[in-house]
Trainee: 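One structure is given below, represented as structure tokens, and several questions about it will come after.
From a predicted model like this one, the values you see are computed outputs, not experimental measurements. All chains are named by letter (A, B, ...) in the order of the sequence lines, taking the proteins before the strands, and each is independently numbered beginning at 1.
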Amino acid sequence: MRAPDDRFATRVLRWFDVAGRHDLPWQHPRTPYRVWLSEIMLQQTQVRVALPYFERFVDALPDVRALSAAPLDQVLALWSGLGYYARARNLHAAARLCVERHGGEVPRDFDALLALPGIGRSTAGAILSQAWGDRIAILDGNVKRVLCRVHAVDGWPGTPAVEKRLWAVADAHLAGVPEGRMADYTQAQMDFGATLCTRHDPACVLCPLQDECTALRTGRVGELPTPRPGKPLPEREALALLLRDAEDRVLLLRRPPTGIWAALWSLPEHADREGARDWFSRHVGTGYDDAEALEPIAHAFTHYRLTLRPLAWHGVSLGAAVRDDGDLRWVARADLPALGIPAPVRSLLERVLRA
DNA sequence: AAATCGGGGAG
DNA sequence: CTCCCAGATTT
């Protein structure tokens with residue numbers, strides 16, 4: 001942390017004016033709704049990945065009221081493939097709260113934003129600074145990396161102590177932001193971290209902060225920020241039942257509202273063969289052993305590894321006592337795009353139904 | 001303070 | 001393969 005006349009902000013802004021990104025879709029127009037949506041999509045997701053999702057989303061649901069009136073399934077379908085689906089459910093719930101509490105607008109108030117699900121301190125700051133030019137700091141992964149280097153902050157940024165220190169630094173830098181440039185400053189920091197002060201091979205030779213950066217001066221750029229402490233990932237396996245009827249539709253099951261892939265449509269899953277056989281006999285009847293074993297699907301989460309082993313049947317019809325109700329339904333291939341489906345499962349279905 | 005939640009990009 | 005990213009929420 002330095003004096004209030006710190007040059008950090010003006011240096012980053014000068015870089016941004018020349019080398020930053022000025023053509024992102026949420027910058028034109030830079031409305032609170034579009035900024036909000038972009039910030040939620042960009043949580044743990046890179047710009048390049050989020051871009052097509054953003055265009056599709058605002059095209060289908062252009063404002064808070066449209067989002068609040070949309071069925072959750074449509075929102076999840078628009079989100080399908082982005083991951084962290086709680087973001088989509090929170091976004092949807094927050095839009096409805098905006099209609100209830102704020103006249104169908106995104107509130108221009110820090111505490112009101114924080115009270116909305118899915119919006120934390122950094123996202124609230126990003127919305128207010130970008131949409132309104134308010135003088136509020138952000139602290140995302142990019143900013144954390146930049147500040148760790150510029151101020152040589154040791155320790156993994158995921159710990160509360162380090163994060164607290166980084167917030168203090170980010171707040172201190174606000175004093176150096178010229179009047180009327182907060183929106184650009186917020187975008188500039190994220191751009192700067194994403195394109196110049198990258199995790200690997202930062203372009204220090206082109207950096208406008210060479211004179212300010214303690215890590216560069218002490219030769220510690222390669223070791224900051226401190227990486228997360230390593231940990232082995234547990235492995236889990238499950239059987240995935242892929243049932244196709246005479247019309248080549250596939251049987252999908254809505255997952256529970258909490259846990260992994262919450263509320264998404266997926267294949268019936270069972271931890272072991274006995275559970276799968278029992279489910280099959282109750283819903284279909286005989287024929288479990290006619291299954292064709294497909295190639296396993298490996299999927300890695302942050303905290304464990306999942307291997308899905310698909311078992312496929314053709315020409316199946318459900319038992320008379322089984323209702324094709326709200327949580328269990330036959331879905332034609334043409335209807336898959338309209339449903340929220342986990343990416344690896346969607347990939348499997350498209351591969352299997354392509355023929 | 002630690003665990004939970006996905007998917008993809010990049011080395 | 002490994003790491004980790006434009007984080008927030010829950011416990």
Trainee: Taking any heavy-atom pair under 4.0 Å as a contact, classify A:Q130: base, sugar-phosphate, or nothing.
Mentor: nothing
Trainee: Can you tell me how far P in B:dG6 sits from the matching atom in C:dT10, rounded to whole Å?
Mentor: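 Between the two P atoms, the distance is 14 Å.
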Trainee: A:R199 has an atom CZ; how far is it from atom P of C:dC4, in whole Å?
Mentor: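 One finds 5 Å between P of C:dC4 and CZ of A:R199, rounded.
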Trainee: Using atom CD1 of A:I138 as one end and atom P of C:dA8 as the other, report the distance to the nearest whole Å.
Mentor: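 In whole Å, C:dA8 P lies 10 Å from A:I138 CD1.
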Trainee: Using ring centroids (six-membered ring only for Trp), state whether A:F301 and A:Y304 fall under 6.0 Å.
Mentor: yes
Trainee: Same cluster or not: A:L139 versus A:W156, using hydrophobic residues (I, L, V, M, F, W, Y) connected whenever any side-chain heavy atoms lie under 4.5 Å apart?
Mentor: no
Trainee: Cation-pi check, A:R30 to A:W132: give yes when NZ or CZ is under 6.0 Å from the six-membered ring centre and within 45° of the ring axis, no otherwise.
Mentor: no
Trainee: Using whole Å, report how far CD of A:E163 lies from P of C:dT9.
Mentor: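 So the two atoms are 13 Å apart, to the nearest Å.
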Trainee: Step by step, work out the side-chain contact (heavy atoms from CB on, under 4.5 Å) result for A:Y185 and A:H173.
Mentor: CA-CA 10 Å; A:Y185 176 64; A:H173 284 166; 3.5 Å; yes
Trainee: Using whole Å, what does the distance between atom P of nucleotide C:dC5 and atom CG of A:L82 come to?
Mentor: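 Those two atoms, CG and P, are 18 Å apart.
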Trainee: Indicate, with a heavy-atom threshold strictly under 4.0 Å, whether A:A194 touches base, sugar-phosphate, or nothing.
Mentor: base
Trainee: Tell me the interatomic distance from A:Q44, atom CD, to C:dC3, atom P, rounded to whole angstroms.
Mentor: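 Atom-to-atom, A:Q44 to C:dC3, this comes out as 16 Å.
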Trainee: Contact class for A:V47 (heavy atom, under 4.0 Å): base, sugar-phosphate, or nothing?
Mentor: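 If one applies the 4.0 Å heavy-atom cut-off, A:V47 turns out to touch a base.
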Trainee: Enter the distance from A:I260:CD1 to A:R236:CZ here, rounded to the nearest 0.5 Å.
Mentor: 8.0 Å
Trainee: Mind checking A:I119 for me? I need base, sugar-phosphate or nothing, with any heavy atom below 4.0 Å counting as a touch.
Mentor: sugar-phosphate
Trainee: Which residue, A:R48 or A:T258, contacts DNA chain B at a nucleotide closer to its 5' end, judged by nearest heavy atom?
Mentor: A:T258
Trainee: I need the CG-C1' distance between A:L114 and C:dT9, as an integer number of Å.
Mentor: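 Whole-Å distance recorded here is 13 Å.
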Trainee: At 4.0 Å (heavy atoms only), tell me whether A:S38 reaches a base, stays on the sugar-phosphate, or touches nothing.
Mentor: nothing
Trainee: Are A:W36 and A:Y84 linked, directly or through intermediate hydrophobic residues, by side-chain heavy-atom contacts shorter than 4.5 Å (ILVMFWY only)?
Mentor: no
Trainee: Expressed as a whole number of angstroms, how long is the span from A:Y84:OH to C:dG7:C1'?
Mentor: 8 Å
Trainee: For A:F16 and A:H22, take the angle between the two ring planes, folded into 0 to 90°, and tell me which bin it lands in: parallel under 30, tilted 30 to 60, perpendicular over 60.
Mentor: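 Aromatic pair A:F16/A:H22 classed tilted.
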Trainee: For A:G259 and A:V49, take the nucleotide of DNA chain B holding the closest heavy atom to each; which residue's nucleotide lies nearer the 5' end?
Mentor: A:G259
Trainee: Over 60° means perpendicular and under 30° means parallel, so tell me whether A:H270 and A:W279 are parallel, tilted or perpendicular.
Mentor: tilted
Trainee: Mind checking A:I127 for me? I need base, sugar-phosphate or nothing, with any heavy atom below 4.0 Å counting as a touch.
Mentor: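 Here A:I127 touches no strand at all.
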Trainee: Let me know the distance between CG of A:D140 and C1' of C:dA8, rounded to the nearest Å.
Mentor: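 Taking atom C1' of C:dA8 as the reference, CG of A:D140 is at 13 Å.
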Trainee: If you assign each of A:R305 and A:D191 to its closest nucleotide in DNA chain C, which residue comes earlier from the 5' end?
Mentor: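 Comparing both residues, the 5'-ward one is A:R305.
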Trainee: Under 4.0 Å, heavy atoms only, any strand: does A:G193 hit a base, just the sugar-phosphate, or nothing?
Mentor: nothing
Trainee: For a quick check of understanding: with a heavy-atom distance under 4.0 Å over all strands, which category does A:R21 fall into, base, sugar-phosphate or nothing?
Mentor: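 A:R21: no heavy atom of the nucleic acid under 4.0 Å.
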Trainee: For DNA chain B, note the earliest and the latest nucleotide, 5' to 3', having some atom under 4.0 Å of a heavy atom belonging to chain A.
Mentor: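 Result: B:dA1 to B:dG11.
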